[in-house]
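This is a predicted model, so every value here is computed, not measured. Protein chains get the first letters and strands the later ones, always in sequence-line order, with residue 1 at the start of each.
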Number of protein chains: 2
Amino acid sequence: MPDSLMTIRQMCDAFDVTPRTLRFYEARELIFPERRGQHRLYDRRDRARLTLILRGKRFGFSLEQIRQLLELYEPGPNNRAQIEATISASRERLTDMERQYAELRGAIEELKDQLIESERRLAAITADDETTG
Amino acid sequence: MPDSLMTIRQMCDAFDVTPRTLRFYEARELIFPERRGQHRLYDRRDRARLTLILRGKRFGFSLEQIRQLLELYEPGPNNRAQIEATISASRERLTDMERQYAELRGAIEELKDQLIESERRLAAITADDETTG
DNA sequence: ACCAAAGTTTACGTTCGCGTAAGCGTAACG
DNA sequence: CGTTACGCTTACGCGAACGTAAACTTTGGT
């Protein structure tokens, strides 16, 4: 079993997705499995892309945004203009992600404060129970 | 103009959303504006909640997840069980968010590496142009 | 008093990200 | 040689998160 090529079922088991999902991503041009006859075969590159797709989804990106992100990881034509465009797009995406990163930190801190406040209130009630009860 | 109460239009302008969106969030019980006659009036609390809603959306949370998150910020009944439940839920959410935070850091680093690689390729082509051209 | 602007409800329409069922090919197993 | 399993395509369905249109009331300005 050459692990360099996987069937759709092996992919589904490995990544916990359905066949429908893989075919859907293919229709949206996010992955490009080979065809052996009618059957799809997924290689290392497809798996790497799928990993990025699923991660992108956890960040709330749309499939279209993810598709554009994936293009940034492609070897691409050694055309200067293309490389420059990729660099520019990468920088923009990086800026967005850094902002989101900072925002998430802020949200975490706020929730932490809220948690501490709840713990304080619980402690107050507990102390009250001990004196009153 | 008492800025403690805002009309739906002022809210839309301030947060860059449509009236439909605000009414939709209200129908889903994410915000609870007062009614002066038939009209809605939004106070500081509504605005605070809307800020959290929009931020949650940027993190890819569903409105239902956000609604549950908002509950954690509510004063809530001083019932011990309720507070304990809130604390427990807050801890779980915090764990998730910390994980997402770390994951985002990883994604940023990967894209950075990719960017550096692109810059290297561009430099190589440029150097090539200078010697060849 | 009147008109336009703004707000309200009701309800159908739309896009995204798949789920799900129908119907067909084919390959392997007993 | 049948049937069982897996995969393929086509296509309709569905919940989320609004957009949009229709019809009505309310409110502010002149």
What is the distance from CD of Gln65(B) to P of dA16(D), rounded to the nearest Å? 12 Å

Candidates dG17(C), dA17(D), dG7(D) - which lies nearest the side chain of Lys57(B): dA17(D)

Take a 6.0 Å sphere around CG of Asp16(B) and say whether it holds more than 12 heavy atoms from other residues, nucleotides or ligands. no

Counting heavy atoms from C-beta on, name the nucleotide in dT8(C), dG19(C), dG7(D) closest to the side chain of Thr21(A). dG19(C)

Remember a base hit wins even if backbone is also touched, and classify Arg35(B) as base, sugar-phosphate or nothing at under 4.0 Å, heavy atoms. sugar-phosphate

Which part of the nucleic acid, if any, lies within reach of Arg20(B) when heavy atoms closer than 4.0 Å are counted: base, sugar-phosphate only, or nothing? base

Please report the distance, rounded to the nearest Å, between CD1 in Ile31(A) and C1' in dC18(C). 14 Å

Reading DNA chain C from 5' onward, which residue's closest nucleotide shows up sooner: Tyr25(A) or Ile8(B)? Ile8(B)

Side-chain atoms of His39(A) come closest, of dG19(C), dC8(D), dT8(C), to dC8(D)

Can you tell me which nucleotide in dA17(D), dG7(C), dC8(D) comes closest to the side chain of Phe24(B)? dA17(D)

Just to be sure I understand the rule, does Arg23(B) reach a base, reach only the sugar-phosphate, or reach nothing, if contact means heavy atoms closer than 4.0 Å? base

Check every atom of dC8(D), dG7(D), dG7(C) against the side chain of Gln38(A) and return the nucleotide holding the closest atom. dC8(D)

Any donor-acceptor N or O pair under 3.5 Å, side chains Glu110(B), Gln114(B): no

